[in-house]
Amino acid sequence: MWRRGIRWGFDREKLSPIAKEANMKMVLFEDTSNPSIYLDINQAQLIISALHKIGRSESINLMRNIHQNELKNYGESILLKFVNQGFSNTVVLRLHTGNQRGDSIKTNMKSIIKIGRFDDVNLEHKNYKENLDPTTSSYVPRMIYFSEILKRWAAILYEDLGEIDTFQEIYINGESEELLLESIKNIFGKMEENWYKNATLESTNLYSDQFNLIQSVAKYQNAIKSIIPDEFNKENIELRIGEEKIRLKNPIHFLLNKQDSRKKITHLSIVHGDCHGGNIVLNKNNKSVFLVDFANMSNTGHIFKDYVKLESNILYRLYDYDKSKKLSKSLEHWLNLVAFSLGYKVPKPVRDEDRKAWACICELRSRARKMKIDYFSSDEWMDEYLVGVLHWTLSSIYWTDIFNSKKHLAFYSAAMICHAIENNYEILSE
């Protein structure tokens, strides 16, 4: 069997002819002590590039520590495979622990390792320990072990969830609307039962304490100025909605004149805090749904925080508004979808792409409404929900990976939301 050590910064192209000739399935990454660490041959450069920001020795030391404390009974070798579900500031890999057999590993244990800067990974570790009970929370992966190096780098070992797709992948790849809705019902049903139904009635500043809108005005203003220089500073903008032209409040002026000094009595709970499509994962075989990535978890979050995060993620990242490739029509589809959700008189969404987005939004909003009305005997839910949607809509304008055309539309969407808040529009739920 051919073996070749991988040096830091190794050129993948130089490896290809040797790998092909030797028919290798894996290459050696580290063999100076237990465990011997191998890389999947097809992912070697990808894994090395991902680990580069952490450092070779730090990564190896973290894996060695975890192996010695938790995995040594499962074998002497580790095979690393890349998990394409990415997480900010961290690297996520699948570990196959077992014994070497020729150019393969006879796997005795599969697990997931998350490696990153100490502050980021330790915060996730802390949030998990304080807020989650894996014996009753069947919708989160079991945390097996935590390791750190001099409070600079850290790693968490999780149970392996099997072959998984993210909600995001399912949505983008055009899977059935029913599968998306079932995923929402499954994961939010569990969060509602375990977290939101136990919410406490507390006093909070909705625009600042909960959704960080007031503090971010300057950031919103700069982002809007860069894409719409002629409109960013106007008090009102004019927009055609359906058959009407409506003057809408510029979101910046809306927030600058918003008095948030009066605290609002509302419901606070444990929340995931970053419930977007990449952090909801679905097991392909048994259709179990899980939440991952707990760095933004809070036990004093607004009960709508996760609903509005996923809704905004669908609208500003997953929804393909340019499906028709005709920009004027695409803009109309987008604005009609948002306007319809706010109660404006526009045609009901009919395109498959629009209907899929609308079905998911309806499911999220009907569940949020039910939480407030059925469980807390409160019908004051609409304005709280809209403030959360406004936060993520404006935030999308300064995201670097959102196209300028979508940022324009997000600005107009934010203006419609502000108008709806001021005029107490009823959110449709079906």
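FYI, side chains are in, hydrogens and waters are out, and symmetry mates aren't considered; it's all heavy atoms of this structure. Positions are given from 1 along the sequence.
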Visitor: Between Tyr319 and Asp354, does any side-chain donor sit less than 3.5 Å from a side-chain acceptor?
Guide: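 Present: a donor and an acceptor within the cut-off.
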
Visitor: Is Asp274 reaching over with its side chain to a backbone N or O of Phe294, donor-acceptor style, under 3.5 angstrom?
Guide: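 Looks like no, no N/O pair under 3.5 Å.
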
Visitor: Strictly distance-based, threshold 3.5 Å: is any side-chain N or O of Lys372 a donor or acceptor partner for the main-chain N or O of Met382?
Guide: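 No: the side chain of Lys372 does not pair with the backbone of Met382.
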
Visitor: As a quick check of understanding, evaluate side chain to side chain donor-acceptor pair (under 3.5 Å) for Lys190 and Asn186, giving each step before the final call.
Guide: CA-CA 6 Å; Lys190 289 174 180 175; Asn186 188 319; 3.2 Å; yes

Visitor: Return the orientation label for the Phe211 and His391 ring planes: parallel under 30°, perpendicular over 60°, tilted otherwise.
Guide: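 Judged by the thresholds at 30° and 60°, the geometry between Phe211 and His391 is tilted.
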
Visitor: Suppose the criterion is ring-ring contact (aromatic ring centres under 6.0 Å, His included): which pairs have a residue in residues 166-188, not counting sequence neighbours?
Guide: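 As it turns out, the ring-ring contact (aromatic ring centres under 6.0 Å, His included) pairs with a partner in residues 166-188, which skip direct neighbours, are Phe188-Tyr307.
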
Visitor: Given 3.5 Å as the limit, does a donor-acceptor pair link the side chain of Ser216 with the main chain of Lys219, or not?
Guide: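 It does not hold such a pair.
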
Visitor: Starting at OG of Ser176, measure out to CD1 of Ile170 and round the result to the nearest 0.5 Å.
Guide: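 The OG atom of Ser176 sits 8.5 Å away from the CD1 atom of Ile170.
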
Visitor: Just by distance, no angles: are the side chains of Thr97 and His67 close enough, under 3.5 Å, to form a donor-acceptor pair?
Guide: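 The criterion, which ignores hydrogens and geometry beyond distance, is not satisfied for His67 and Thr97.
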
Visitor: With rounding to the nearest 0.5 angstrom, report the CZ to OG distance, Arg365 to Ser341.
Guide: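 With rounding to 0.5 Å, CZ (Arg365) is 4.0 Å from OG (Ser341).
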
Visitor: Looking at Tyr145, is its backbone amide N or carbonyl O close enough to the side chain of Glu70 to form a donor-acceptor pair, meaning the two atoms are under 3.5 Å apart?
Guide: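 No, Glu70 side chain to Tyr145 backbone: no donor-acceptor pair under 3.5 Å.
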
Visitor: Is it true that atom CD of Glu380 has more than 12 heavy atoms of other residues, nucleotides or ligands lying nearer than 6.0 Å?
Guide: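 Open.
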
Visitor: Pairing donors with acceptors under 3.5 angstrom, does anything connect the side chains of Thr200 and Glu202?
Guide: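 Per modelled atom types, Thr200 and Glu202 side chains form a pair under 3.5 Å.
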
Visitor: Taking the inter-plane angle between the rings of Phe376 and His267 on a 0 to 90° scale, is it parallel (under 30°), tilted (30 to 60°) or perpendicular (over 60°)?
Guide: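 Answer is parallel, since the angle falls under 30°.
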
Visitor: Under a 4.0 Å N-O cut-off, is there an ion pair linking Glu192 with Lys370?
Guide: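 No, Glu192 and Lys370 are not salt-bridged.
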
Visitor: Grab the two heavy atoms, one from Tyr412 and one from Leu335, that are nearest each other, plus how far apart they are.
Guide: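 Distance-wise, the nearest heavy atoms are CB-CD2, 4.0 Å.
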
Visitor: Hey, what do you get for CG (Asp320) to NZ (Lys356), rounding to the nearest 0.5 Å?
Guide: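 If I round to the nearest 0.5 Å, the distance is 8.5 Å.
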
Visitor: Rounded to the nearest 0.5 Å, what's the gap from CD on Glu384 to OG1 on Thr204? Could you check?
Guide: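 The CD atom of Glu384 sits 9.5 Å away from the OG1 atom of Thr204.
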
Visitor: Could you measure the distance from the OH atom of Tyr385 to the CZ atom of Arg369? Nearest 0.5 Å is fine.
Guide: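 Those atoms lie 13.0 Å apart.
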
Visitor: Give a yes or no on whether the backbone of Asn279 and the side-chain of Asp293 come within a donor-acceptor separation of less than 3.5 Å.
Guide: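 Side chain of Asp293 to backbone of Asn279, a donor-acceptor pair under 3.5 Å: no, none is there.
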
Visitor: Has Asn313 got a side-chain atom pairing as donor or acceptor with Gly277's backbone, closer than 3.5 angstrom?
Guide: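 Present.
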
Visitor: Please round to the nearest 0.5 Å and tell me the distance separating atom NZ of Lys81 and atom CZ of Arg94.
Guide: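 That separation rounds to 8.5 Å.
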
Visitor: Between Glu177 and Arg355 (salt bridge meaning N to carboxylate O under 4.0 Å), is one present in this structure?
Guide: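 Salt bridge: no.
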
Visitor: Between the main-chain N or O of Asn233 and the side-chain N or O of His253, is there a donor-acceptor pair closer than 3.5 Å?
Guide: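 Yes, His253 side chain to Asn233 backbone: donor-acceptor pair under 3.5 Å.
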
